[in-house]
Structures are given as structure tokens and as C-alpha cells.
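Structure record follows, encoded as C-alpha cells.
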Amino acid sequence: LAGDRAVTLTWETQHHEGLRAFVVEALENSDPSTWNILRRTILPVADNGESSFGYAFVDEETENVAAYRLLALTTDGFLAEVGSFPLRGKP
């Protein structure tokens, strides 16, 4: 959900056993074929991994951000992409 000055990403897990954290990357697209990572934010998972849980990330620093990428960090250190979310009106 993108507003005039802030972006909110929300998602829910059915369970998240084996996950350590979620990583949100703010991406810039300065070249049509290249994404640059502007910053990363780490969001620890909830304590009880056997239950569903809702997450939210709010970014108020949206200047130059063209998309967000959500990744999951496992307890084994594996980083997997969950999804990418381009902002409308951005290249």
C-alpha cells in the first residue's frame, strides 16, 4: 500500500518454524536492467512459529524507491525471496 509519503507492506504467515527473520529491501532502478539496494531492514519473526502471525513494515523514506523486495532468512542462514513489489508510477 503506497501513500503520498509512506509505503506499508503487510503479510501473514501460516507458520514460520525454521525462520529467523524477514528482510525488506528498498530498491532503486537507476538503469532499466539494474536494481540497486538502497537499504535493508531486518524484522525478527514472532516467538511462536507454529501459529499464524501478521507482519507490517512501514517506510517513510520513499524517495528514489522504485520497489520493495521481501526475503525470508532461515535459521540455517539461507535467504530466499518471498516476493517483489514495484511501486506504481516508478520505473
Side-chain angles (χ1 to χ4, degrees):
L1 178 63
D4 288 340
R5 297 181 187 193
V7 169
T8 302
L9 298 177
T10 60
W11 65 96
E12 183 176 329
T13 61
Q14 294 302 313
H15 57 82
H16 52 262
E17 293 178 85
L19 290 181
R20 176 173 290 160
F22 289 101
V23 179
V24 179
E25 294 179 334
L27 304 173
E28 173 187 44
N29 190 0
S30 57
D31 176 327
S33 62
T34 305
W35 290 99
N36 296 318
I37 299 169
L38 295 172
R39 65 187 167 282
R40 287 186 176 111
T41 304
I42 298 174
L43 305 167
V45 296
D47 289 338
N48 184 355
E50 296 178 10
S51 301
S52 63
F53 195 85
Y55 293 88
F57 169 78
V58 178
D59 190 4
E60 295 180 356
E61 298 178 35
T62 60
E63 187 173 343
N64 298 325
V65 177
Y68 290 88
R69 182 167 40 206
L70 178 63
L71 304 121
L73 177 63
T74 69
T75 54
D76 297 331
F78 182 72
L79 193 60
E81 184 174 341
V82 175
S84 294
F85 309 94
L87 299 179
R88 286 187 184 163
K90 300 280 184 150

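The model shown is predicted, which means the values in this text are computed figures rather than measured ones.
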* Asked: Going by side-chain heavy atoms closer than 4.5 Å, which hydrophobic residues are tied to Phe78, directly or by a chain of links?
  ->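 Besides Phe78, the hydrophobic cluster comprises nothing; the residue is isolated.
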* Starting at CG of Leu38, measure out to CG of Asn29 and round the result to the nearest 0.5 Å. =>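 One finds 10.5 Å between CG of Leu38 and CG of Asn29.
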* Please check if atom CG in Leu79 has more than 12 non-hydrogen atoms from other residues, nucleotides or ligands closer than 6.0 Å. =>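 Counting neighbours around CG of Leu79, more than 12 heavy atoms of other residues, nucleotides or ligands fall under 6.0 Å, so yes.
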If Ile, Leu, Val, Met, Phe, Trp and Tyr residues are connected whenever their side-chain heavy atoms lie under 4.5 Å apart, and connections chain through other members, are [X] and [Y] in the same group?
{"X": "Val24", "Y": "Val58", "result": "no"}
{"X": "Leu71", "Y": "Phe53", "result": "no"}
{"X": "Val45", "Y": "Leu73", "result": "no"}

* Asked: Taking only residues two or more places apart in sequence or in another chain, which ones pass side chain to side chain donor-acceptor pair (under 3.5 Å) with Arg69?
  ->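 Residues passing side chain to side chain donor-acceptor pair (under 3.5 Å) with Arg69: Glu25.
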For [X] against [Y], the heavy-atom pair lying closest together:
{"X": "Leu87", "Y": "Val65", "answer": "CD1-O, 3.4 Å"}
{"X": "Ala72", "Y": "Leu19", "answer": "CB-CD2, 3.9 Å"}
{"X": "Ala67", "Y": "Pro86", "answer": "CB-CA, 3.6 Å"}

* Asked: Does any pair with a residue in residues 73-86 pass side-chain hydrogen bond (donor to acceptor under 3.5 Å, both in side chains), and if so which ones, sequence neighbours excluded?
  ->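 Matches after skipping sequence neighbours: Glu81-Ser84.
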Pairwise side-chain contact, [X] with [Y], heavy-atom cut-off 4.5 Å (strictly under):
{"X": "Leu70", "Y": "Leu9", "result": "no"}
{"X": "Thr62", "Y": "Tyr68", "result": "yes"}
{"X": "Ile37", "Y": "Leu27", "result": "yes"}

* To do: Using ring-ring contact (aromatic ring centres under 6.0 Å, His included) as the criterion, list what pairs up with Phe22, not counting sequence neighbours.
  =>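 By the ring-ring contact (aromatic ring centres under 6.0 Å, His included) rule, Phe22 matches Trp11, Tyr55.
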* **Any residue meeting salt bridge (Lys or Arg N to Asp or Glu O under 4.0 Å) with Glu28, in chain and number order, not counting sequence neighbours** =>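 Salt bridge (Lys or Arg N to Asp or Glu O under 4.0 Å) check on Glu28 returns nothing, list empty.
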* Asked: Which pairs pass salt bridge (Lys or Arg N to Asp or Glu O under 4.0 Å) with one or both residues in residues 51-60, sequence neighbours excluded?
  ->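 The answer is Arg39-Asp59.
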